[in-house]
Every structure is written in C-alpha cells, then in structure tokens.
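Structure, as structure tokens:
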Amino acid sequence: MRDKLYQAALKGRENSYSPYSNFAVGAAVLCGDKIYTGCNVENGSYGLTICAERCAIWKAVSEGERKFDAICVVADTSAPVSPCGACRQVMSEFKIPRIILSNLKGDFKEFTLEEILPYEFKL
C-alpha cells in the first residue's frame, strides 16, 4: 500500500501551485479503499497558503470521510520531507495512525501519530 500512496502523492504534487517558494509538495491519504490527493497551494498573502497534507485531508473530509488509515507526503528534499506543526495537529485531529514521509529519490520514513506528535493538543 505504501507504494500506491507514494505514487498518488507524486501525482498530487504535479498540481502544486508554488510560485513563491518553488517548493512543490504532494500528499495522499488513505481512507478504507479510497485515496485522496492534495498539493500545496500558495498565496501572495503567505498565511493563506495551505500545505499538501491539509489539502488532502480537507478533500477527504469534504467527501464525508472520518476514518483515516494512512498519509504519505512527498517533496524534493534530501531526506524524507517532514510535516509542519499545523499539519501534525490536523493529523492528530483525525487520528491518522500511519504517517509515511518520502522524497523524490524514493527514501521513506514511517511514523505513528504518537511518534510524530508526542504531546498533541487535546480539548
């Protein structure tokens, strides 16, 4: 399944709108037998930018998904890309148990939610 998610994240990355940073990121989330992809979308008002991870998760949620099995994130980095804190918190909100980080060279690191965000914010 990892390779299928990786390929979907690569495909999502192709749609990145990143004219300011030139840093394209793709993500794919697995919900049962469905995969939702996302990419980073930048904005001249940089605070309005959305990361690929949140884009993919929002797409899934907007289609009624609430149970997530895994997420894969890919970017052109020397080591597997690491999600920002906001994305980690969103992964925590939806309790995504398997987090796969990768790069264009095909390097991978896998984490559980507890490993990537050990002290999550909870209400």
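We use all heavy atoms of the structure for the numbers below, so side chains are in, but hydrogens, waters and symmetry mates are not.
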Residue pair Gln89, Leu117: steps toward the side chain to side chain contact (heavy atoms under 4.5 Å, CB included) verdict: CA-CA 8 Å; Gln89 184 60 40; Leu117 188 62; 3.8 Å; yes
Around Lys105, counting heavy atoms of other residues, nucleotides and ligands shown, do more than 12 lie under 6.0 Å from its NZ? yes
Indicate whether any N or O donor in one side chain lies under 3.5 Å from an N or O acceptor in the other, for Glu63 and Tyr36. no
Val90, Val41: one ILVMFWY side-chain cluster at the under-4.5 Å cut-off? yes
ILVMFWY network linking Val73 to Tyr17, side-chain heavy atoms under 4.5 angstrom: yes
Nonpolar side-chain network containing Tyr20, other nodes, edges under 4.5 Å: Tyr46
If Ile, Leu, Val, Met, Phe, Trp and Tyr residues are connected whenever their side-chain heavy atoms lie under 4.5 Å apart, and connections chain through other members, are Val29 and Trp58 in the same group? yes
Does Glu42 reach the main-chain N or O of Ser21 with its side chain, forming a donor-acceptor pair under 3.5 Å? yes
At what distance, to the nearest 0.5 angstrom, does CD1 of Ile116 lie from OG of Ser82? 5.5 Å
Nearest 0.5 Å, what's the SG-CD distance between Cys87 and Glu93? 13.5 Å
Exactly one of Thr37, Asp76, Val25 clears side-chain contact (heavy atoms from CB on, under 4.5 Å) with Arg13, and that residue is Asp76
For the residue pair Arg66 and Phe94, would you count it as a cation-pi contact if the rule is NZ or CZ under 6.0 angstrom from the ring centre and within 45 degrees of the ring axis? no
Looking only at atom types and distance, does a side-chain atom of Ser102 sit under 3.5 Å from a main-chain N or O of Pro80, one as donor and one as acceptor? no
Minimal heavy-atom distance between Cys84 and Glu53, with the atoms involved, is N-OE2, 4.4 Å
Determine, stepwise, if the pair Asp107 / Leu101 fulfils side chain to side chain contact (heavy atoms under 4.5 Å, CB included). CA-CA 8 Å; Asp107 298 327; Leu101 309 179; over 6 Å; no
Main chain of Ala24, side chain of Asn40: is a donor-acceptor contact present, judged purely on distance under 3.5 Å? no
Consider only side-chain heavy atoms of I, L, V, M, F, W and Y, link residues closer than 4.5 Å, and tell whether Leu104 and Val81 are in one cluster. no
Closest non-hydrogen atoms of Ala60 and Cys31, given as atom of the first, atom of the second and distance, are CB-SG, 4.1 Å
Short side-chain to backbone donor-acceptor contact, Gln7 and Lys4, under 3.5 Å: no
pair Ser92-Leu113: side-chain heavy atoms closer than 4.5 Å: yes
The single option from Leu30, Ile57, Ile100 passing side-chain contact (heavy atoms from CB on, under 4.5 Å) against Ile71: Ile57
Distance check, rounded to the nearest 0.5 Å: Met91 atom CE versus Arg54 atom CZ? 10.0 Å
What verdict does the side chain to side chain contact (heavy atoms under 4.5 Å, CB included) test give for Val61 and Phe68, after you've listed the backbone C-alpha separation in whole Å, the side-chain angles of each residue and the deciding distance to 0.1 Å? CA-CA 10 Å; Val61 169; Phe68 293 81; 3.9 Å; yes
For Ala28 against Ala8, the heavy-atom pair lying closest together: CB-CB, 3.7 Å
Between Asn103 and Ser78, is there a donor-acceptor pair closer than 3.5 Å when you use the side chain of the first and the backbone of the second? yes
For the residue pair Leu5 and Ala70, what are the closest heavy atoms and their distance? CD1-CB, 3.8 Å
Checking the side chain of Arg88 only, and the main-chain atoms of Pro83 only, is there a donor and an acceptor separated by less than 3.5 Å? yes
Check this for me, if you would: do Lys67 and Glu65 make a salt bridge, where the nitrogen-to-carboxylate-oxygen distance has to be below 4.0 angstrom? no
Audit row: Glu110, Ile99, side chain to side chain contact (heavy atoms under 4.5 Å, CB included) steps and yes/no: CA-CA 6 Å; Glu110 293 193 34; Ile99 299 153; over 6 Å; no
Heavy-atom nearest pair, Cys55 first then Gly38, reads SG-CA, 3.8 Å
ILVMFWY cluster, Ile50 and Val74 together (side-chain gap under 4.5 Å): no
